[in-house]
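Notes follow the structure.
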Amino acid sequence: MNVAMRGAFSYSPAMTIKIGYARCSTHAQDLEAQRKALFELGVTEDRIYTDHGLTGTGRDRPGLAQALAALREGDTLVVSKLDRLARSVPDARDIAQELERRGVTLALGPTIHDPSDPMGRMFFNIVATFAEFEADLIRMRTREGMAIAKAKGKLRGKSPKLSEKQRKELWRMHDSGNYTISDLAEIFSVSRPTVYRTLNKQQTA
């Protein structure tokens, strides 16, 4: 049997009460797709908790706190993807430990992981590690590209003109829902107004 899958098992609609959680990083993002995914996974509308305009890097998320508070032993916390729940390994581990203490399982999409099971816990940590690695890799590639552009004299001051490739990368990162305006401004070494202007160009393109 595959090591990863020994800690996971098929999703059973009648197994437990399901509490759903959805999050997007900016107010410009829409939670509807995540709501639809949770509904298709068996979560009723009145049991879906959300955070709008908050990043996944901090734990100060009222919607997540409400979702965790609503869980009882034997219930399942349902999220469409792990990066909607946490964007760092320590945060993911903290949540997993809390679920384990309370006897709650976690459903990532259609698959349930039991944090109390050693193999399930290992698989959860592996997934969390890859999610954090992916986010760090994107930031590293972007910063390297910006450093090269600055060394070539293509970027000047705090409000440089972004290239077409950089604008597309900024749009893509914003649309992912994983970055705030402040995050994008820091990554691309530009001001917040520059980020807003770049996003407005996407809407009119």
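We find the OG1-CD distance between T50 and Q66 to be 8.5 Å, quoted to the nearest 0.5 Å. The NE2 atom of H174 lies 12.5 Å from the OH atom of Y179; values are rounded to the nearest 0.5 Å. Here the SG-CG distance, from C24 to D175, works out to 12.0 Å after rounding to the nearest 0.5 Å. Separating the CG atom in L184 from the CD atom in E169 is a distance of 9.5 Å, to the nearest 0.5 Å. Remark: S80 OG to Y21 OH distance equals 10.5 Å, nearest 0.5 Å. R72 contributes atom CZ, which lies 8.5 Å from atom CD1 of I19 (distance to the nearest 0.5 angstrom).
Heavy-atom minimum distance, A70 versus Y49: CB-OH, 3.5 Å.
Within the 4.5 Å cutoff, no side-chain heavy atoms of L77 are placed close to those of T105. Side-chain contact check for L106 versus L108: some heavy-atom pair is nearer than 4.5 Å. Between L71 and L99, the closest side-chain pair of non-hydrogen atoms falls below 4.5 Å. Counting only heavy atoms from C-beta outward, the side chains of I187 and L170 never approach each other to under 4.5 Å. By the 4.5 Å heavy-atom criterion applied to side chains, R197 and P193 are counted as neighbours.
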Go through I17 and R47 one step at a time and tell me if the side chain to side chain contact (heavy atoms under 4.5 Å, CB included) criterion holds. CA-CA 9 Å; I17 292 177; R47 290 191 173 123; 3.7 Å; yes
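Residue pairs meeting the salt bridge (Lys or Arg N to Asp or Glu O under 4.0 Å) criterion with at least one member in residues 102-112, sequence neighbours excluded: E98-R102.
Side-chain atoms of Q166 come within 3.5 Å of backbone atoms of S163 as a donor-acceptor pair (strictly under, hydrogens ignored). Although no hydrogens or angles enter the test, the distance criterion places no donor-acceptor pair under 3.5 Å between the side chain of R84 and the main chain of A22. D51 places a side-chain N or O within donor-acceptor distance of the main-chain N or O of L64, the cut-off being under 3.5 Å. At least one donor-acceptor pair closer than 3.5 Å links the side chain of T198 to the backbone N or O of T194.
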Table please: side-chain donor-acceptor pairs of residues 32-45 below 3.5 Å, with sequence neighbours left out.
residue: Q34; atom: OE1; partner: R23; partner atom: N; Å: 3.1
residue: Q34; atom: NE2; partner: R23; partner atom: O; Å: 2.8
residue: R35; atom: NH1; partner: E45; partner atom: OE2; Å: 2.7
residue: T44; atom: OG1; partner: D46; partner atom: OD1; Å: 2.6

